[in-house]
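The next block holds one structure in the form of structure tokens; read it before the comments.
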There are 2 protein chains.
Amino acid sequence: MANQLGNKLNKLRKDKGFTLESLAKAANVSKSYLWELENREVKNPSAQRLAAIAAQLGVTADFFLDDDASQPEEKHLDDAFFRGYKSLGSPEKEQLRKILETFKKS
Amino acid sequence: MANQLGNKLNKLRKDKGFTLESLAKAANVSKSYLWELENREVKNPSAQRLAAIAAQLGVTADFFLDDDASQPEEKHLDDAFFRGYKSLGSPEKEQLRKILETFKKS
DNA sequence: CCTCAAAGTTCGGTATACCGGAAAAAACAT
DNA sequence: ATGTTTTTTCCGGTATACCGAACTTTGAGG
């Protein structure tokens with residue numbers, strides 16, 4: 001395994017139970033390229049694709065960029081949650097907001 | 001001006017008093033390419049370069065990736081919601097996440 | 001052992017990221 | 001207005017991102 005990005009990607013993918021193909025499909029990239037990202041030396045993916053992959057794995061694109069400090073797990077969860085929330089329609093969002101309010105009173 | 005990324009980039013660059021050339025030098029990209037990012041239709045920069053540029057402008061790479069599909073007012077609600085969520089304790093967050101998951105099935 | 005599917009790896013090709021330098025256009029002096 | 005400098009726009013070329021499809025490996029079940 002070649003580069004920092006590749007290591008993180010491979011580990012995270014397996015942790016989340018993705019195969020190359022399933023992640024490729026989910027993130028809308030080819031599995032061959034995904035494999036290159038994990039195993040080849042030089043790769044320098046576009047921001048969009050990296051973000052798409054990161055989103056599927058429940059992290060932000062930055063996680064792969066700042067090569068050393070991994071984010072605390074809690075932040076991953078929060079960011080993933082927010083992304084999911086934003087993908088909802090307005091009525092569902094509204095419901096969640098209501099629920100949040102009741103949580104905040106305790 | 002062509003695309004969302006271009007708009008943000010151009011505005012931010014000028015706000016910070018950068019010229020194409022000065023920002024190019026600082027972020028280690030060519031000014032011609034910087035110009036393309038701001039003015040051409042299609043561009044899809046690499047994560048590394050975008051991050052470098054973002055850093056010089058004092059923002060994170062995500063700032064440019066944010067597709068902000070939401071209208072400005074809705075976005076405001078979203079952000080407020082996220083702040084509220086983050087202020088919760090872990091168990092409450094976990095509950096919200098579960099609720100989110102059920103919403104996402106439809 | 002053998003089979004067959006699922007996972008991973010390789011490869012050839014096309015589109016485009018990205019660059020250096022030069023032209024054009026502002027900006028701003030004199 | 002004319003030269004000078006600073007900033008923006010254009011262009012030709014090379015490297016590489018990214019893909020589809022074919023090939024190889026792995027490993028569970030008979």
Item to complete: Ignoring the backbone of B/Lys31, work out which of C/dA22, D/dC18, C/dG8 is nearest its side chain.
Response: C/dA22
Practice prompt. Start with the C-alpha distance between A/Lys98 and A/Glu94, add both sets of side-chain angles, then the distance that settles salt bridge (charged side-chain N to carboxylate O under 4.0 Å, His left out), and finish with yes or no.
Written response: CA-CA 6 Å; A/Lys98 291 260 164 68; A/Glu94 178 59 21; 3.1 Å; yes
Worksheet entry | For atom CD of B/Glu21 and atom P of C/dA24, their distance in whole Å | 19 Å
Item to complete: Would you please confirm or rule out a distance under 4.0 Å between OP1 or OP2 of D/dT8 and any side-chain N or O of B/Thr19?
Response: yes
Discussion item. Whether A/Arg49 contacts C/dT16 is assessed here as follows: a side-chain N or O lying under 4.0 Å from the phosphate OP1 or OP2. Is that the case?
Written reply: no
Fill in: Separation of C/dT10 P from A/Lys43 NZ (nearest whole Å)
13 Å
Worksheet item: Rounded to whole angstroms, how far apart are CG on B/Leu34 and C1' on D/dC10?
Response: 16 Å
Worksheet entry | Integer-rounded Å distance: C/dC19 C1' and B/Leu37 CG | 13 Å
Worksheet item: What does A/Ser32 touch in the nucleic acid at a heavy-atom separation under 4.0 angstrom: a base, only the sugar-phosphate, or nothing?
Response: base
Practice prompt. Grab the CG-C1' distance between B/Leu50 and C/dT16 for me, whole Å please.
Written response: 16 Å
Item to complete: Using a heavy-atom cut-off of under 4.0 Å over every strand shown, decide if B/Ser30 touches base, sugar-phosphate, or nothing.
Response: base
Discussion item. Do B/Asp15 and B/Leu57 make a side-chain contact, defined as non-hydrogen atoms from C-beta onward lying under 4.5 Å apart?
Written reply: no
Practice prompt. For A/Glu36 and D/dA21, give me the distance from atom CD to atom C1', rounded to whole Å.
Written response: 14 Å
Discussion item. Among D/dT8, C/dC19, D/dC19, which nucleotide has an atom closest to any side-chain atom of B/Leu20?
Written reply: D/dT8
Worksheet entry | Euclidean distance, atom CZ of residue A/Arg40 to atom P of D/dA15 [Å, nearest integer] | 18 Å
Practice prompt. Just compare D/dT9, D/dT8, C/dC19 and give me whichever is closest to any side-chain atom of B/Trp35.
Written response: D/dT9
Response to the item:
In whole angstroms, the gap separating P of C/dA17 from CD of B/Glu41 amounts to 12 Å
Practice prompt. Is it possible for you to check whether B/Lys93 lies under 6.0 Å from the centre of the six-membered ring of A/Phe81, through NZ or CZ, and within 45° of that ring's axis?
Written response: no
Worksheet item: Out of C/dC19, D/dA17, C/dT9, which nucleotide sits closest to the side chain of A/Val42?
Response: D/dA17
Worksheet item: D/dC19, C/dA7, C/dC18: which one has an atom nearest the side-chain heavy atoms of A/Tyr33?
Response: D/dC19
Item to complete: Respond yes when some side-chain nitrogen or oxygen of A/Asn39 is under 4.0 Å from OP1 or OP2 of C/dG8, and no when none is.
Response: no
Discussion item. Would you say the ring centers of B/Phe82 and A/Tyr85 fall short of 6.0 Å from each other?
Written reply: no
Worksheet item: Considering only D/dA17, D/dC18, D/dT7, which nucleotide approaches the side chain of B/Asn44 most closely?
Response: D/dC18
Worksheet item: Does a side-chain heavy-atom distance below 4.5 Å link A/Asn28 with A/Gln48?
Response: no
